[in-house]
Participant: 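Dropping a structure here in structure tokens format, bear with me for questions.
We count ligands from 1, going down the list as the structure has it; atoms in each ligand are counted the same way.
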Amino acid sequence: MIFSEPKTARMINRLRVLNCIQQLGSASRADLSRELVINKVSISEIVLQLLEEGMVEESEKTSGSIGRRPTPLRISRGAGYVLAVDAGGANTASGIALLNGDLVRFQRQPTPAFSAAGEKTAFITETVRSLTGKCRDPRLIKGCAVSLSTDDHEDLPGSQRERTLQYSAAAKSISQAVGIPVVVDSSVRSMLLGEIWFSDLPREESVFYISWGRNIKAAVLSQERINPVESEFGHLDIGSGLPCRCGKKGCLESSAAGWALEQRTGALQELLHGKNSGSADHSEARTLAASASRAMGTAAAAAAAVLCPDRIIIGGGLSALDDSFYRIMNETFGQKAAPGIRSSLVISRTALGERSGILGAAAAALDTFVYKRRELYALTAAGITLLQHL
Ligand SMILES: [Zn+2]
């Protein structure tokens with residue numbers, strides 16, 4: 001890409017303006033000019049184009065008694081939609097998001113058991129098709145992102161390359177069937193992207209993100225980039241000696257993954273929903289969850305020694321466990337963490353709650369089909385300031 005090419009520069013600045021409006025929620029032309037260091041004439045041209053495209057709209061002018069107040073701009077609610085599907089091992093969530101990021105429809109259903117290859121893709125295709133039917137104007141659908149957890153144990157062992165091929169084959173097949181652009185990515189990477197988009201995560205922080213659900217996956221954000229390699233964190237040997245589905249022994253998953261806990265207790269769901277029947281099953285589930293929390297703390301300490309993150313965030317179904325389990329996790333983490341790890345580094349729960357999965361898919365769709373924020377950040381790293389005076 002030649003940055004100095006006027007067409008390329010205009011395209012990039014258009015995206016920067018669009019991203020800035022989305023991130024600020026509302027911004028005047030003067031705000032944009034100041035934030036992006038682009039002159040007012042260029043900003044006005046870009047905004048005019050975005051208004052004509054229907055991407056942004058002028059919100060009501062706040063008329064002050066003294067002088068003219070600038071007109072705030074925001075992403076138009078009628079600009080279009082993106083579709084999001086988070087196909088997890090236990091549940092599949094699906095939703096429709098407006099381009100300003102608002103999730104306007106959200107539903108969850110149990111993921112069926114698949115017996116033959118291709119059934120999962122067929123199931124996701126049907127889910128996407130049903131979403132397209134719920135959009136008032138399907139022509140305004142910009143694209144669909146599918147988050148896939150490679151959690152079926154038959155997917156293991158699979159190399160990163162095999163997974164990437166699997167994702168792009170699934171995307172192609174779903175896209176051809178429903179007639180809209182589709183992107184498929186790993187669930188945990190999308191969840192981390194969702195955390196960046198929808199919570200107040202400082203952009204420059206490095207994050208170790210753990211998806212704790214039926215399986216345990218992790219992703220790393222460092223220098224504003226999400227590592228493209230899917231972490232094998234769940235199969236880190238923590239020395240428990242327990243057999244894992246992957247065929248090894250002592251993996252974190254065998255002590256803490258949803259599949260392992262469900263094999264040993266019938267009261268896991270009760271625990272996750274904050275209910276207490278007072279039964280022996282319940283106290284057994286608490287004991288198991290406490291030991292799972294210690295295992296998570298141990299594994300997180302091992303990862304932190306290598307990655308030295310600013311934050312460790314946990315999302316996924318089991319992240320809903322109550323605070324007492326986070327205390328256990330952090331206690332173990334504190335005991336096991338390497339000496340150089342800051343004492344302020346704690347493991348915390350996602351701010352996005354049970355929507356972390358679907359918001360992750362929505363973020364992936366918004367990013368891929370509309371805002372291209374990851375590409376813009378990469379350009380920033382490459383010296384986008386060159387563009388500011390074009
Ligand atoms: Zn394993």
Participant: Which residues pass the ring pair (Phe, Tyr, Trp, His ring centres under 6.0 Å) test with Phe333, not counting sequence neighbours?
Facilitator: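 Partners of Phe333 under the ring pair (Phe, Tyr, Trp, His ring centres under 6.0 Å) test: none.
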Participant: Within less than 2.8 Å, report the number of protein N/O/S atoms around the Zn ion (ligand 1).
Facilitator: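 Protein N, O or S neighbours of the Zn ion (ligand 1) under 2.8 Å, waters not counted, come to 4.
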Participant: Could you tell me whether the side chain of Asp102 and the main chain of Val104 form a donor-acceptor pair under 3.5 Å?
Facilitator: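 Not confirmed, Asp102 side chain does not pair with Val104 backbone.
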Participant: Please step through side chain to side chain donor-acceptor pair (under 3.5 Å) for the pair Ser147 and Ser190, ending with a clear verdict.
Facilitator: CA-CA 7 Å; Ser147 296; Ser190 301; 3.2 Å; yes
Participant: Are Arg374 and Tyr377 in a cation-pi contact, defined as NZ or CZ under 6.0 Å from the six-membered ring centre and within 45° of the axis?
Facilitator: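 Pair Arg374/Tyr377 does not count as cation-pi.
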Participant: For Ser344, which residues count as a side chain to side chain donor-acceptor pair (under 3.5 Å) partner, sequence neighbours excluded?
Facilitator: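 Only Arg342 meet the side chain to side chain donor-acceptor pair (under 3.5 Å) criterion with Ser344.
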Participant: Going by atom type alone, with no hydrogens or angles, which donor-acceptor pairs under 3.5 Å involve a side-chain atom of residues 301-319 and a protein atom two or more places apart or on another chain?
Facilitator:
| from | atom 1 | to | atom 2 | distance (Å) |
| --- | --- | --- | --- | --- |
| Asp310 | OD2 | Ser206 | N | 2.8 |
| Asp310 | OD2 | Ser206 | OG | 3.3 |
| Arg311 | NE | Glu205 | OE1 | 2.4 |
| Ser319 | OG | Gly316 | O | 2.6 |

